[in-house]
Every structure is written in C-alpha cells, then in structure tokens.
Amino acid sequence: MSVFNEAIPSLITATPAEGRELAIVIARKTIAAMQPDSDVRQRLRPAYAENVEILIHAGQVVATEFQTIALANNFWK
C-alpha cells in the first residue's frame, strides 16, 4: 500500500526528526490529494524539479506542517 493511501494516525512523534519526516509525508499526501492522478504528477515533475522558486515554496509548506506538528508535541518539551 502506498504511503499516500495510509491514514495519519496522530501528529504526536517521539522526536523533532520524526516530526519533520511526518511533515514531509503530510505535504506529499496533500499534493496527492489535490492531484490524485500519479501519471499527471510524474509528468509535471520535470517542470518543477529544477525550479528553485517552486522548490522553496514546497519547503515552506513542509515548514508550516512542521510548525503544526511541533505545537501538537508541545515542542518536545
């Protein structure tokens, strides 16, 4: 089963590193939800793979998801 089809059971993670990995998974699942056709996603990949502005925006999405996860984990205090 693809990670995109698996439910995210919780935002709680043991470490910030696990939280970052979860943020990436959530960001990828968001893209897959908005464009469910994997062939289309693969076809579009070259258009953004070397576009620094688009990659920076993708990083910002992951950072926003990480902020949510960090808050849910009480910043791992």
Side-chain angles (χ1 to χ4, degrees):
M1 176 182 279
S2 168
V3 69
F4 299 113
N5 295 325
E6 297 174 12
I8 296 172
S10 175
L11 295 180
I12 304 304
T13 64
T15 66
E18 287 180 13
R20 182 177 179 277
E21 289 177 24
L22 179 57
I24 292 168
V25 168
I26 292 171
R28 293 181 71 192
K29 286 171 122 345
T30 299
I31 297 302
M34 291 187 305
Q35 178 44 266
D37 187 329
S38 63
D39 291 335
V40 172
R41 290 194 310 271
Q42 289 299 320
R43 193 171 64 246
L44 294 173
R45 183 166 288 173
Y48 65 79
E50 295 185 28
N51 184 316
V52 70
E53 288 182 34
I54 292 173
L55 294 172
I56 289 170
H57 288 302
Q60 291 170 332
V61 170
V62 172
T64 299
E65 296 294 358
F66 182 71
Q67 286 178 318
T68 302
I69 293 164
L71 183 61
N73 285 278
N74 195 27
F75 301 95
W76 294 276
K77 290 182 181 182

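As a basis for the values below, the full set of heavy atoms in this structure was taken, side chains included, without hydrogen atoms, waters or symmetry mates. All of these numbers come straight from a predicted model, not from anything done at the bench.
- The main-chain N or O of Ala14 is never found under 3.5 Å from a side-chain atom of Asn73 such that the two would form a donor-acceptor pair.
- Residues Phe66 and Ile26 fail the side-chain proximity criterion, which asks for heavy atoms closer than 4.5 Å.
- Taken to the nearest 0.5 Å, the CD1 atom of Ile69 stands 12.0 Å off from the CZ atom of Phe75.
- Using a 4.5 Å cut-off between side-chain heavy atoms of Ile, Leu, Val, Met, Phe, Trp and Tyr, with links allowed through other members, Trp76 and Leu11 fall into the same hydrophobic cluster.
- In this structure the side chain of Glu18 never reaches within 4.5 angstrom of the side chain of Leu22, judged on heavy atoms.
- Here the straight-line distance linking atom CZ of Arg28 with atom CZ of Arg41 works out to 9.0 Å at 0.5 Å rounding.
- The distance from atom OG1 of Thr30 to atom CD of Glu65, rounded to the nearest 0.5 Å, is 5.5 Å.
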Residues 49-56, side-chain donor-acceptor partners within the protein, below 3.5 Å, at least two apart:
{"residue": "Asn51", "atom": "OD1", "partner": "Glu53", "partner atom": "N", "Å": "3.0"}
{"residue": "Asn51", "atom": "OD1", "partner": "Ile54", "partner atom": "N", "Å": "3.1"}

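- For the atom pair Leu71 CG and Gln67 CD, the distance stands at 9.0 Å (nearest 0.5 Å).
- Using a 4.5 Å heavy-atom threshold, the side chains of Val61 and Ile31 count as separate.
- Here the CD atom belonging to Gln35 is positioned 11.5 Å from the CD atom belonging to Gln42, to the nearest 0.5 angstrom.
- Across all non-hydrogen atoms, the minimal contact from Ala72 to Ile12 is O-CD1, 3.3 Å.
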